[in-house]
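Report on the structure given below.
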Number of protein chains: 2
Amino acid sequence: MTEGQKRGPTSADKVLGVLSLFTAENPVWSPERTARRQRVSLATSYRYFNTLVASGMLEKLNRNQYVLGPAIVELDRKVRAADPVLKLAQPVMERLLRRLREPAAILLCRYYRQKVMCIHQETNRSGEPVSSYERGALRPMFRGATSKVILAHLPPRTIVNLWRDHRRDIVANGMGPGFEDFKANLRTLRREPVNVSSSEVDEGRTGIAAPIFDASGRVNGSLSIVLLSSPASTRVVERLSIAVQAAAREIERSRGNAAGQD
Amino acid sequence: MTEGQKRGPTSADKVLGVLSLFTAENPVWSPERTARRQRVSLATSYRYFNTLVASGMLEKLNRNQYVLGPAIVELDRKVRAADPVLKLAQPVMERLLRRLREPAAILLCRYYRQKVMCIHQETNRSGEPVSSYERGALRPMFRGATSKVILAHLPPRTIVNLWRDHRRDIVANGMGPGFEDFKANLRTLRREPVNVSSSEVDEGRTGIAAPIFDASGRVNGSLSIVLLSSPASTRVVERLSIAVQAAAREIERSRGNAAGQD
DNA sequence: ACGAAATTCTCACATAGTGAGAATTAGGTG
DNA sequence: CACCTAATTCTCACTATGTGAGAATTTCGT
């Protein structure tokens, strides 16, 4: 475990790194600003932009303005088409949703880079925002039913890494103060077939989540019901808990696979 | 116009090139197969895969199996969030759809790489496939209302390039046989505020499409209604034509922008 | 058509990407 | 649980190629 030689980022790393500068708040970048940010020359920055534009990952909007490009849209379609879990889950999610009377959303989520990402959302509230937790959106790992139910079943390696990197956050969410406490909390979570959490992510929302496992028993993600209105009666929660569980089982039954490292 | 020196693909080009190997039919690739395909050594191919996995663009599924990764999902969300046309169009599309009684889909499309790409689809047929023309899907440039209405308004440069690269296809779709004929056909298309085409893409479907222009008068894309059932009465088509036009205008009114080169 | 800013080009240099093969790791199997 | 094979990483020498500085050129708004 003695530090291996640190290898500098490769050229392609830096090119791909450009993409991660683009965010919802900052969707437009210029080669100049990027050059400064990445500590490369302006010429090099232009070279990066050109290869990214050539591949369609970026698109030139105007003179000095580049945005994320259409190749990404095309690629995401392929991701959807190739995702076996999504393919199996979607009809199950639709059916589950159709049984609900209250305004709600059904979420399919997965672990990604120490966070949880939404893969698919079905909602019965057409038009307006039920949950901003839509495909591609990330949520914290330690709050909300959707996340916690995944967290609880992550492999030990990953748990250790999470503790190493997010100790403060874990403690702040009442899963501390020590590593042993954290593990004990996860053990407790694992005992319950579903997790129910209220107002942990969005005020007033209640999440009811069940884990989805792959053929070899690893957590593949989670399926959850998000209720718009604050906690209904206990009986309703119980009914819905059984429903998500059943749906998760149904998805598992047709055994797909997907990955998830840290 | 004497050939400039051909510059070989840069390293990053080749790394990004790996992504384009992944398709719906062939969603899983190994470093080995990729190495042969790209004419690089196995070691280099592994290096490519590693940088792509590190960035999340690829994901290791199993031993020798890599698939497109979650970073793409995350990026597409940012693309959606940053797309001003989409943001404006979506509510308009929903409203338009709500007025239709017949099973239908509303499509928002754009030009991309000598093809037309779907940006968003709204449908009133929940569950089952109304149109496989969903976000990220590509369609031929010379068939279907959705495409033709964009084609008609592309800038001259692009038209020339299309003729150069797809003469055969253009002629096969009855827009030939010469370049002058092609241009004449486009002129005719431009005269009509909407285009109506039946069974050109999918058997039995009818598309009614209107172009969307940006602030400086360039085609930004198209808005179209796709009817599931074969051609209704002329009166219905006329009513819908007026509706798409109105919707397209409405989108334009709140002036967004987007790009589109060849 | 003009002028300023954006973008590409040139070129010499050294970094860093490359291939061949050895070394190591990982996963399935008996 | 240890083996065996295939997958993956590592080493290293070499040279291709990515890089920065600045000049040349193009682009676009006015």
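The chains referred to below are lettered A, B, ... by the order of the sequence lines, with proteins before strands, and numbering in each begins at 1.
- Classified by interplanar angle (parallel below 30°, tilted 30° to 60°, perpendicular above 60°), the ring pair B/His166/B/Phe142 is tilted.
- Checking C/dT8, C/dT18, D/dT9 against the side-chain heavy atoms of B/Asn50 singles out D/dT9 as nearest.
- Within 4.0 Å of A/Phe49, counting heavy atoms only, lies no atom of the nucleic acid at all.
- For B/Val40 and A/Glu32, each mapped to the nucleotide of DNA chain C holding its nearest heavy atom, the one lying further toward the 5' end belongs to A/Glu32.
- Checked against D/dG20, D/dT19, C/dG19, the side chain of A/Ser41 finds its nearest nucleotide in D/dG20.
- Nearest-nucleotide positions on DNA chain C for B/Leu42 and A/Ala43 put A/Ala43 closer to the 5' end.
- Of the N and O atoms on the side chains of A/Arg190 and A/Asn185, not one donor lies less than 3.5 Å from an acceptor on the other residue.
- Checking C/dG19, D/dG20, C/dA6 against every side-chain atom of A/Tyr46, the shortest atom distance belongs to C/dA6.
- For B/Leu61 and C/dG27, the CG to P distance is 13 Å, given to the nearest whole Å.
- A straight line from CZ of B/Arg39 to P of C/dG19 spans 12 Å, rounded to a whole angstrom.
- The aromatic ring centres of B/Trp29 and B/Tyr66 sit 6.0 Å or more apart.
- B/Tyr48 has no side-chain polar atom (N or O) that falls below the 4.0 Å cut-off from OP1 or OP2 of C/dG17.
- A/Arg36 places its CZ atom 17 Å from the C1' atom of D/dG20, with the value rounded to the nearest Å.
- In this structure, A/Leu162 and A/Gln114 have side chains that are in contact, with non-hydrogen atoms separated by less than 4.5 Å.
- Within 4.0 Å (heavy atoms only), B/Ser30 reaches no atom of the nucleic acid at all.
- With C/dG19, D/dT19, D/dG20 as the candidates, the nucleotide lying closest to the side chain of B/Arg47 is C/dG19.
- For the OP1/OP2 pair of C/dG17 and a distance below 4.0 Å, the side-chain nitrogens and oxygens of B/Ser11 include no atom meeting the criterion.
- Counting to the nearest Å, the C1' atom of D/dA16 and the CG atom of B/Asp13 are 15 Å from each other.
- Atom CD in B/Gln38 sits roughly 10 Å away from atom P in C/dT18 (whole-Å rounding).
- If you measure from atom NZ of B/Lys14 to atom C1' of C/dT18, you get 8 Å, rounded to the nearest angstrom.
- The listed nucleotides are C/dT18, D/dT19, D/dA7; the one nearest the side chain of B/Asn64 is D/dA7.
- Ring geometry for B/His153 versus B/Phe213: interplanar angle over 60°, hence perpendicular rather than tilted (30 to 60°).
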